[in-house]
Amino acid sequence: GQQLNQSPQSMFIQEGEDVSMNCTSSSIFNTWLWYKQDPGEGPVLLIALYKAGELTSNGRLTAQFGITRKDSFLNISASIPSDVGIYFCAGLAQGAQKLVFGQGTRLTINP
Amino acid sequence: SQTIHQWPATLVQPVGSPLSLECTVEGTSNPNLYWYRQAAGRGLQLLFYSVGIGQISSEVPQNLSASRPQDRQFILSSKKLLLSDSGFYLCAWSVFGNTIYFGEGSWLTVV
């Protein structure tokens, strides 16, 4: 089945630093989604991307749908303690019916 | 606006006992519904999805089953729980299948 490679698996940063994570696939995707999961809760949708090259912001978060349609990245600027959590990418491959999820990036912030 | 609710939030069950997790969606009609399992805080595994009443697709063979008795109701069940059924279970919904929204999650501990 489809696989998404999400990296890095973990990040340990200082408060105030910028964060960058990405997802890549071996096939073309029509949709890229980014979710954040807080401990003990369900993932919450942060940003949805539906067009190649699309760049979308949500506050300090910015995500882009790669031109090749095989990758996407999520940037967080000026991190704050509440950014801690697990970030998941997800995508819908061309011709597929179900989303595929990455394995997540665990973000830890040192105050 | 659409909302999703699943319950119970936490469940401790002995091995061999039955299971019933329930999920309901409000504010939309004929949604696609999903059950995911997440172990150890990482990775989302799709268990079941449904595109309509009585229509259930199983992604992996397992000790669990799902039912959709009403348009916006999705139930995850087991007749006899195993230790390996422990985990965090997430219900989710979508309209077109390319963007899904998760419930709050249910923690199941089988002892």
Side-chain angles (χ1 to χ4, degrees), chain A residues 1-11 21 23 28-52 54 56 58 63 65 69 72 84-108, chain B residues 1-11 21 23-25 31-52 55-60 66 74 76 86-109:
Chain A
Q2 297 288 342
Q3 296 286 335
L4 285 185
N5 182 25
Q6 183 172 352
S7 65
Q9 290 188 359
S10 300
M11 299 184 74
M21 60 191 77
C23 269
I28 290 174
F29 275 46
N30 290 333
T31 298
W32 285 100
L33 308 171
W34 286 93
Y35 293 85
K36 182 196 176 204
Q37 186 177 28
D38 291 328
E41 299 182 13
V44 174
L45 181 66
L46 299 173
I47 294 177
L49 303 163
Y50 302 112
K51 287 174 57 178
E54 183 178 357
T56 298
N58 178 3
F65 192 140
R69 298 173 67 186
S72 176
V84 166
I86 301 177
Y87 292 80
F88 289 99
C89 65
L92 187 66
Q94 195 173 43
Q97 295 182 331
K98 296 185 294 291
L99 286 173
V100 177
F101 282 84
Q103 289 302 299
T105 295
R106 184 181 294 273
L107 179 62
T108 303
Chain B
S1 63
Q2 299 88 0
T3 59
I4 180 170
H5 183 50
Q6 62 178 105
W7 70 93
T10 305
L11 201 58
L21 298 179
C23 172
T24 59
V25 179
N32 294 340
L33 297 173
Y34 310 83
W35 279 111
Y36 285 83
R37 177 167 58 199
Q38 185 177 35
R42 296 288 294 268
L44 295 162
Q45 180 187 34
L46 180 61
L47 302 176
F48 301 95
Y49 72 96
S50 171
V51 299
Q55 301 179 60
I56 309 294
S57 296
S58 174
E59 289 295 296
V60 293
F74 206 24
L76 183 69
S86 294
F88 191 48
Y89 289 83
L90 290 156
C91 183
W93 70 274
S94 72
V95 174
F96 300 114
N98 63 344
T99 307
I100 69 171
Y101 302 89
F102 289 92
E104 315 95 323
S106 298
W107 281 104
L108 170 65
T109 303

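In what follows, every heavy atom counts, from backbone to side chain, and hydrogens, waters and symmetry copies are set aside. Note that the structure is predicted; figures quoted are calculated from it, not measured.
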Exercise. With a 4.5 angstrom heavy-atom cut-off, which part of A:Gln6 approaches chain B: side chain, backbone, both or neither?
Worked result: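 Answer is neither: A:Gln6 stays 4.5 Å or more from chain B.
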I'd like to check [X] versus [Y] (side-chain heavy atoms, cut-off strictly below 4.5 Å). Are they in contact?
X: B:Glu59; Y: B:Tyr34; result: no
X: B:Gln38; Y: A:Phe88; result: yes
X: B:Trp93; Y: B:Gln2; result: yes

Problem set entry | B:Leu46 portion near chain A, given a 4.5 angstrom heavy-atom threshold | side chain
For this session: Give, as side chain, backbone, both or neither, the part of B:Ile100 having an atom under 4.5 angstrom from any heavy atom of chain A.
Result: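 For B:Ile100, heavy atoms of backbone and side chain both lie under 4.5 Å from chain A.
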Exercise. Taking the six-membered ring where the residue is Trp, are the ring centres of B:Phe48 and B:Phe74 under 6.0 Å apart?
Worked result: no
For this session: Please lay out, stage by stage, how B:Phe102 and A:Tyr35 fare under the test ring pair (Phe, Tyr, Trp, His ring centres under 6.0 Å).
Result: CA-CA 10 Å; B:Phe102 289 92; A:Tyr35 293 85; 5.5 Å; yes
For this session: For chain B, find which of A:Glu41, A:Gln97, A:Lys98 contributes the most heavy-atom pairs closer than 4.5 angstrom.
Result: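 Max contact count across the listed options: A:Lys98.
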Exercise. Any idea which of B:Val51, B:Ile4, B:Leu90, B:Thr10 has the most non-hydrogen atom pairs under 4.5 angstrom with chain A?
Worked result: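 So the answer, after comparing B:Val51, B:Ile4, B:Leu90, B:Thr10, is B:Leu90.
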